[in-house]
Amino acid sequence: MTNEEKYFKVPKTFGLSVLLKLTKKNVRGIEISSDGEQFTSNVPMNTLTDAVNATIKAHNINLKIK
C-alpha cells in the first residue's frame with residue numbers, strides 16, 4: 001500500500017466533525033468512523049480531500065480563521 005492508498009486519519013475536532021458528516025451524507029462510498037479521538041475514513045486521503053472539497057463547494061462553505 002502506497003502513501004496515497006492509506007486510509008485517512010485525523011484528530012477529532014467539532015468543525016471537522018460537522019464537515020465530515022456532511023461529506024459522508026452527500027458523497028456515495030465515503031465512510032467515516034471515530035474512536036473518540038480521531039476520525040478514520042475508508043478511502044485514501046486524496047479521495048477524501050476531493051469529496052470534502054466537493055462538499056464545501058456544493059454547500060458554499062467558506063473557512064474563516066481568526
Side-chain angles (χ1 to χ4, degrees):
M1 180 178 282
T2 69
N3 205 21
E4 292 178 357
E5 295 172 339
K6 291 182 181 176
Y7 294 145
F8 181 68
K9 291 186 179 191
V10 64
K12 189 174 180 180
T13 64
F14 175 75
L16 188 56
S17 176
V18 172
L19 183 57
L20 291 176
K21 284 180 185 179
L22 190 58
T23 299
K24 180 180 171 181
K25 180 179 176 183
N26 290 287
V27 179
R28 192 172 296 197
I30 301 290
E31 294 295 328
I32 308 292
S33 61
S34 173
D35 64 5
E37 293 182 17
Q38 68 180 2
F39 293 110
T40 304
S41 76
N42 65 323
V43 295
M45 184 171 53
N46 59 347
T47 303
L48 185 59
T49 298
D50 291 343
V52 169
N53 287 337
T55 300
I56 288 171
K57 185 175 181 181
H59 289 82
N60 197 27
I61 297 170
N62 294 306
L63 297 176
K64 293 184 181 180
I65 300 173
K66 295 181 181 183

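Please read all numbers here as calculations on a predicted model, not as lab measurements.
Each side chain to side chain donor-acceptor pair (under 3.5 Å) pair with one or both residues in residues 17-30, not counting sequence neighbours, appears once here: T23-T55. The list of salt bridge (charged side-chain N to carboxylate O under 4.0 Å, His left out) pairs with a residue in residues 35-62, not counting sequence neighbours, is empty.
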- request: Go through the steps to decide whether I56 and L19 satisfy the test side chain to side chain contact (heavy atoms under 4.5 Å, CB included), and finish with yes or no.
  value: CA-CA 8 Å; I56 288 171; L19 183 57; 3.9 Å; yes
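In this structure, V18 is not a member of the same hydrophobic cluster as V27, with clusters built from ILVMFWY side-chain heavy atoms closer than 4.5 Å.
Contact between P11 and F39 at its shortest, heavy atoms only, is O-CD1, 4.4 Å.
In this structure, the side chain to side chain contact (heavy atoms under 4.5 Å, CB included) partners of T13, at least two apart in sequence or on a different chain, are L16.
N42 CG to I30 CD1: the interatomic distance, rounded to the nearest 0.5 Å, is 6.0 Å. Taken to the nearest 0.5 Å, the CD1 atom of I32 stands 12.0 Å off from the NZ atom of K12.
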